[in-house]
Every structure is written in C-alpha cells, then in structure tokens.
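Chain letters run A, B, ... following the sequence lines, proteins first, then strands; residues in each count from 1. Remember, it's a predicted structure, so these values are computed and weren't measured experimentally.
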There are 2 protein chains.
Amino acid sequence: MSDLPPGGPPAGTGTTARRRGRPPRTESADTRDRILTAARDEFSERGYEKTSVRGIAKAAGVDSALVHHYFGTKEQVFEAAITQSFGPALQAPKAVEEGPLDGVGERLTRFFFGVWENPATRAPLLAVVRSAVTNETAAAVFRRIVATQALRRIAGRLDLPDAELRAELAAAQLVGTAMLRYVIKVEPLASADTEQIIARLAPVVQRHLTEP
Amino acid sequence: MSDLPPGGPPAGTGTTARRRGRPPRTESADTRDRILTAARDEFSERGYEKTSVRGIAKAAGVDSALVHHYFGTKEQVFEAAITQSFGPALQAPKAVEEGPLDGVGERLTRFFFGVWENPATRAPLLAVVRSAVTNETAAAVFRRIVATQALRRIAGRLDLPDAELRAELAAAQLVGTAMLRYVIKVEPLASADTEQIIARLAPVVQRHLTEP
DNA sequence: GTCTATATTTAGATAGAC
DNA sequence: GTCTATCTAAATATAGAC
C-alpha cells in the first residue's frame with residue numbers, strides 16, 4: 001500500500017530518522033506469515049500430495065502466484081512452513097532429558113502428549129506424518145526429529161547395549177500411538193483420556209530405555 | 001505367497017465342452033489379476049494420491065481405459081486391490097490367539113514381523129499405511145485391521161479392565177515400529193535384525209496385554 | 001508487493017472403434 | 001476384451017502488468 005520511496009531514506013523531515021535494522025517490507029512480513037501458517041494447516045490436514053498451492057493461497061487470502069513469488073516451488077513452501085513451525089516449541093526441554101534416568105519414561109511421554117494435545121503444536125507434526133509416508137523431504141524431517149529427540153539427547157546417557165535401538169523402539173511406541181490416535185483415529189484410543197494413556201505408556205517407554 | 005488356484009479350469013486347456021459355471025472371460029482373468037497386482041504395487045510404493053491410474057495401467061501392460069473398464073474409479077481400483085490382497089495370508093492364524101495367554105506377546109509379535117518381512121504380504125500393508133494418512137477409505141481398512149487383529153481376537157480373552165485400550169496400545173507399539181522401520185526407514189532400526197527387535201518387543205506387547 | 005493471464009503438464013474419466 | 005481418441009478439470013509454475 002503506502003509506498004516507500006525507492007532508494008534513500010524518506011525525504012520526510014522532522015521525525016526521527018530510524019532507518020536501521022532490517023529494511024521494512026511494509027506489511028509483507030504479515031503476508032508471509034499468513035501464507036506459512038496457511039501452508040502448515042493445509043499440509044497438516046491433507047498431507048503433501050493432496051495439498052495445492054492454490055489451496056494454500058486461498059486459505060491465506062492471496063493469489064497463488066504470490067506464494068510462488070515468496071517461496072518458489074511447492075516443495076520449498078513445505079520446507080519453509082515446516083522449518084518455521086519447528087523453531088519454537090518442539091525441542092524437548094532440558095528437564096526431560098536431564099532429570100533422573102528412572103523418571104525419563106514419564107517425562108518423555110508427558111512431553112510427547114503435551115505437544116500432540118496442543119492444536120498449535122500438533123499441526124506441524126501432523127503435516128510431517130501425513131507427508132512423510134510419500135514425500136522424501138518430509139521423511140527426512142521425520143528422521144531428524146526421531147534422531148534428535150530420541151537419540152542424541154537421551155540414548156547418549158544410556159549406559160547399555162543397543163542404546164540407539166532402544167530409544168527408537170521407545171519412539172516407535174509413542175509414534176504408533178500418535179498414528180492410531182490422531183491420524184487413523186482408532187477407537188477407543190482416539191477418545192481415551194490422556195492421563196490414562198500416559199499411565200500405560202510411561203512404564204513401557206521407561207522399560208525400553210533402561211531395563212537391563 | 002503361492003497364489004490360490006483360480007476357481008474354474010484354466011482358460012487355455014479345455015478342449016472338451018465344459019461350458020458350465022461362470023461364463024468364460026477368455027484370458028481376462030489373467031489381465032484382471034495383473035492389473036490388481038500392479039495396482040497393489042503402485043499404491044504400496046507411492047500411496048493413494050501419488051498413484052495414477054495411468055501408472056497402474058502401464059505397470060500392468062494395458063491401457064488405462066481398461067483399468068476403468070474393469071474397476072471403475074480410482075477409488076474402486078484401490079478397494080479391489082486391497083480386498084484381493086487381504087483375502088489369503090493376512091489373518092492371524094488361530095495359533096496366535098489360542099495358545100496360552102502368557103505367550104501371546106511373542107506369538108503376536110512374531111506373526112506381525114513374519115508378515116512384514118515377506119515382500120508379498122508387505123506390499124498391501126504398505127499400500128494401506130501410505131494411503132490411510134490422507135485417504136478415508138484406506139483409513140477405514142486400517143481401522144478394521146487393527147480392530148480384527150488386535151481387538152476382537154485377543155482383547156476378548158483378556159479378563160482385565162481396559163482390554164480394548166490395552167490391545168490398541170500393543171498394536172501401537174507394533175505399528176509404530178513398522179512405520180519407522182519400513183516406511184520412514186530410521187536407522188539403526190531399519191537395518192536391525194528381526195530377532196533382536198522381536199526379543200525387545202515381545203515382552204512389551206505381553207505387558208500391554210496381560211500385566212495387571 | 002501483489003495480481004492477471006497463461007503456458008505446460010498431468011490426471012481421471014468416457015465414448016466408441018475393432 | 002482391449003485400445004484409440006478425446007473431453008474436462010486441476011495443478012505447477014512463470015512472465016509481466018499495475
């Protein structure tokens with residue numbers, strides 16, 4: 001809308017000349033975000049193949065050409081949306097991995113369902129799961145999540161044989177539950193109380209990780 | 001593995017006039033089967049959305065119009081391919097559910113990996129998993145498999161509270177492992193020895209099902 | 001920065017010839 | 001029973017106007 005005069009700082013007078021930091025993109029930072037959020041939601045609901053750039057654009061209230069203008073190909077839109085989503089809330093807090101080893105099963109299980117029960121953090125995970133079964137980019141992200149969440153951070157502390165395999169089988173229990181509960185929606189699991197599920201899974205995860 | 005012998009006499013042989021039973025479809029029974037097998041393989045490798053009817057036709061060595069001629073829409077091709085695939089080898093044998101309860105964890109786990117390690121029986125399962133995350137028909141099949149394999153047949157015998165939930169969490173452990181091993185291919189799980197995995201999972205499955 | 005217009009490709013589905 | 005030809009719809013992606 002209101003155009004910046006191209007080139008130098010605004011000829012505008014008396015006001016403070018605060019032209020530092022990143023050059024303003026008018027209101028496009030907003031638009032960029034709206035597109036990425038719309039993309040994240042579309043990918044999470046439909047998966048990679050079924051999602052169209054046009055659908056993303058529509059959901060964001062812009063034209064599809066603009067989506068391409070910002071991010072390039074559909075694949076790059078996916079990458080951008082996922083990358084942005086995984087910045088903030090998806091790293092397991094240090095408390096999960098740093099506490100006493102014999103409570104790690106419950107802490108990890110609790111953290112896992114905390115993330116999945118929150119619609120905002122569930123969306124990017126759904127996007128990855130729904131896309132990873134047929135899209136290699138998403139599969140790579142999936143692998144990275146499993147590796148960084150389960151392996152580097154926890155398996156490293158286990159002083160047991162097959163530490164990595166153990167961590168992955170624990171992850172498999174959690175991932176499989178998420179799959180059946182949030183994606184396939186198998187009953188009664190899909191409607192079961194979270195605490196009840198955690199109560200059943202925590203000892204199993206613990207067992208995978210520490211049982212000699 | 002070994003295909004069921006088709007009901008009627010083979011098309012080519014009979015010189016004698018045995019015109020009874022179903023009217024002959026010349027060699028089309030062959031073609032039908034080739035199409036369904038090709039469909040099963042395409043769906044298993046690419047998932048529902050990414051698979052095209054043209055791709056199926058090409059793999060079967062026929063024209064895409066013929067695929068429609070036999071089966072109708074793409075959705076119906078999927079249904080036919082899955083239905084055929086799940087006739088023979090995918091029911092858990094009675095031994096799995098009928099033996100002593102305290103060995104059911106190992107028997108079920110062994111059966112599960114037996115099916116997944118066999119390329120012929122793995123294909124339709126991959127097709128369902130790859131498709132179920134975005135396709136409701138496939139999701140319904142998935143649900144039915146979990147229900148009939150895990151629930152009706154085993155949970156019914158458990159004299160414990162939350163028998164169904166228990167069975168589904170056991171299924172989640174197995175499904176999650178298949179997901180990470182065969183679909184996402186997370187290492188070292190993807191290359192691990194089957195016996196090693198079974199040794200770790202069987203007691204966990206057992207625990208889900210019978211631990212008081 | 002944002003949209004209109006369009007080139008290009010690919011897919012699902014059907015009619016009809018042989 | 002099988003294929004050729006074709007209609008129709010949708011998608012990715014780009015060029016260029018405003």
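- Within residues 36-56 of chain B, the residues approached by DNA chain C to less than 4.0 Å at the level of any non-hydrogen atom are Thr51(B), Ser52(B), Val53(B), Arg54(B), in residue-number order.
- The pair Lys74(A)-Glu79(A) does not count as a salt bridge, with every side-chain nitrogen at least 4.0 angstrom from each carboxylate oxygen.
- Between the side chains of Thr134(B) and Glu49(A), no donor-acceptor pair is found at a separation under 3.5 Å.
- Contact annotation: Thr31(B) side-chain N/O to dT2(D) OP1/OP2 distance is under 4.0 Å.
- With rounding to whole Å, His69(B) atom NE2 is found 13 Å from dA15(C) atom P.
- Side chain to side chain, Gln76(B) and Tyr70(B) fail the donor-acceptor criterion of an N or O pair below 3.5 Å.
- Leu66(A) places its CG atom 18 Å from the P atom of dC18(D), with the value rounded to the nearest Å.
- Within 4.0 Å (heavy atoms only), Ser64(A) reaches no atom of the nucleic acid at all.
- Closest to the side chain of Lys74(B), out of dT2(C), dA13(D), dG12(C), is dG12(C).
- Remark: Glu187(B) CD to Glu164(A) CD distance equals 10.0 Å, nearest 0.5 Å.
- The separation between His68(A) atom NE2 and dA13(D) atom P is 5 Å, rounded to whole Å.
- Remark: P of dA13(D) and CG of Asp63(A) are 15 Å apart, rounded to the nearest angstrom.
- Rounded to a whole Å, the CZ atom of Phe71(A) is 16 Å from the C1' atom of dA13(D).
- Side-chain proximity of Ala65(A) to dT2(D), dC3(C), dA15(C): nearest is dC3(C).
- The aromatic rings of Phe78(B) and Phe43(B) stand perpendicular to each other, their planes meeting at an angle above 60°, with 30° marking the opposite boundary.
- Across the protein-nucleic acid pair, Ile35(B) atom CD1 and dC3(D) atom C1' stand 12 Å apart, rounded to whole Å.
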Decide side-chain hydrogen bond (donor to acceptor under 3.5 Å, both in side chains) for Glu75(B) and Tyr48(B); before the verdict, give the C-alpha distance in whole Å, the side-chain angles of both, and the deciding distance to 0.1 Å.
CA-CA 9 Å; Glu75(B) 188 87 25; Tyr48(B) 183 82; 3.1 Å; yes
